[in-house]
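Data block below; observations after.
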There are 2 protein chains.
Amino acid sequence: MLSKKTKYGLKALTYLASKKDQQPVQISEIAQAENISQKFLESILLSLRKSGFLGSKKGKGGGYYLIKDPREVLMTDVMRILEGPIAMVPCVSLNFYEKCTDCPDEASCSVNKLMLMVRDANLEVYRSHTLADLIA
Amino acid sequence: MLSKKTKYGLKALTYLASKKDQQPVQISEIAQAENISQKFLESILLSLRKSGFLGSKKGKGGGYYLIKDPREVLMTDVMRILEGPIAMVPCVSLNFYEKCTDCPDEASCSVNKLMLMVRDANLEVYRSHTLADLIA
DNA sequence: GTTTACTCTATTAGATTGATAGGGTAATTA
DNA sequence: TAATTACCCTATCAATCTAATAGAGTAAAC
């Protein structure tokens with residue numbers, strides 16, 4: 001299940017990307033336009049800023065703005081920041097690998113085998129699409 | 001994140017499938033072999049029986065056994081029973097469709113667009129593999 | 001009729017999620 | 001330089017889900 005955090009984050013990024021100019025957009029505007037709890041959105045935008053997707057400007061006329069060209073914002077990076085690991089189990093994760101405590105041998109593990117294929121399929125989707133692809 | 005229920009369920013199915021004969025296998029044997037809490041496994045096997053994957057036999061020499069040929073057990077069906085919807089959001093789910101309350105128009109929704117691609121990628125994996133493919 | 005092993009109900013601790021509140025701080029603008 | 005604006009941070013909360021556990025019940029086999 002996709003978390004609301006990711007859902008809202010994606011919507012916010014798309015909203016910013018669809019703006020022609022690079023002018024900062026206030027949180028309240030995004031929250032209202034996309035039906036998102038403003039306070040919750042604040043924390044999401046903050047984490048997107050800290051991970052280098054967004055810039056912010058304080059004071060009057062301030063807000064958030066996209067730093068990169070939408071065509072250069074890979075979904076792999078966005079998803080990893082918002083949703084966390086792309087893999088459904090740690091033992092097939094590229095960036096968050098962890099050995100299973102209960103499973104003696106990964107090579108012969110059926111779950112490992114299936115989840116590896118799922119991970120690759122998802123990666124392929126996320127890797128081949130950018131923020132620009134999500135704009136209508 | 002894959003739930004333990006699904007993980008255990010897959011392991012149990014694979015364990016049964018890798019047995020040459022169709023003799024019933026006791027819950028305790030599977031639980032021990034796969035490092036699974038026996039009581040938890042009980043409920044999982046029960047739901048797999050109720051959904052037509054397994055048969056069971058009571059009394060001495062009883063246990064669970066696979067009903068179909070492993071090559072005919074599609075991962076789509078297994079995953080839907082164990083994990084639930086394959087889609088990450090209800091608005092792109094084939095079997096569990098639900099309209100988003102917060103989103104006015106699916107066609108122009110960026111989340112919908114991305115999750116649709118992800119769903120298709122996952123479906124492709126699950127649809128093209130059976131229980132037989134998971135056996136080492 | 002006793003044993004075996006599946007079946008069912010209920011309960012629980014813990015973690016996570018999504019949302020809310022309230023205040024603090026920095027940067028603009030007048 | 002003071003007021004305003006809007007970002008920034010901490011804490012809290014109810015609700016939900018997960019995984020595990022316990023205990024009693026029931027059906028089938030020997």
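Chain letters run A, B, ... following the sequence lines, proteins first and then strands; every chain starts at 1. The figures that follow rest on heavy atoms only: side chains count, while hydrogens, waters and symmetry mates do not.
By the 4.5 Å heavy-atom criterion applied to side chains, B:Glu29 and B:Tyr15 are counted as neighbours.
In this structure, A:Lys39 places its NZ atom 10 Å from P of C:dG22, rounding to the nearest Å. B:Leu16 places its CG atom 11 Å from the P atom of C:dC6, with the value rounded to the nearest Å. Residue B:Tyr64 contributes atom OH, which lies 14 Å from atom C1' of C:dT4 at whole-angstrom precision. Atom CG of B:Leu46 and atom C1' of C:dA5 are 13 Å apart (whole Å). Atom C1' of nucleotide C:dT17 and atom CZ of A:Phe40 are separated by 7 Å, given to the nearest angstrom. Rounded to whole Å, atom P of C:dT7 lies 13 Å from atom CD of B:Gln38. Atom NZ in A:Lys58 sits roughly 6 Å away from atom P in C:dA27 (whole-Å rounding). As rounded to whole Å, 12 Å separates atom P of C:dT17 from atom CE of A:Met1.
Between B:Glu83 and B:Ser3, the side chains place a donor N or O and an acceptor N or O closer than 3.5 Å (distance only, hydrogens not considered). Side chain to side chain, A:Ser28 and A:Gln38 fail the donor-acceptor criterion of an N or O pair below 3.5 Å.
Along DNA chain D, the stretch of nucleotides lying under 4.0 Å from any heavy atom of chain A spans, 5' to 3', D:dT5 to D:dC9.
The nearest heavy atom of DNA chain C to A:Gly61 and to B:Lys60 marks one nucleotide each, and the one closer to the 5' end goes with B:Lys60.
At distances below 3.5 Å, at least one donor-acceptor pair connects side-chain atoms of B:Asp133 with backbone N or O atoms of B:Thr130. Counting only distance, with no hydrogens or angles, the side chain of B:Asn122 and the backbone of B:Arg119 share no donor-acceptor pair below 3.5 Å.
At a threshold of 4.0 angstrom between heavy atoms, the contacts of A:Leu45 with the nucleic acid are absent. Across all strands, A:Lys4 comes closer than 4.0 Å only to sugar-phosphate atoms, never to a base (heavy-atom distances).
Across C:dT20, C:dT4, C:dT7, the shortest atom-to-atom separation from the side chain of B:Arg49 is found for C:dT7.
For the contact set between residues 5-12 of chain B and DNA chain D, defined by any heavy atom under 4.0 Å, the members are B:Lys5, B:Tyr8.
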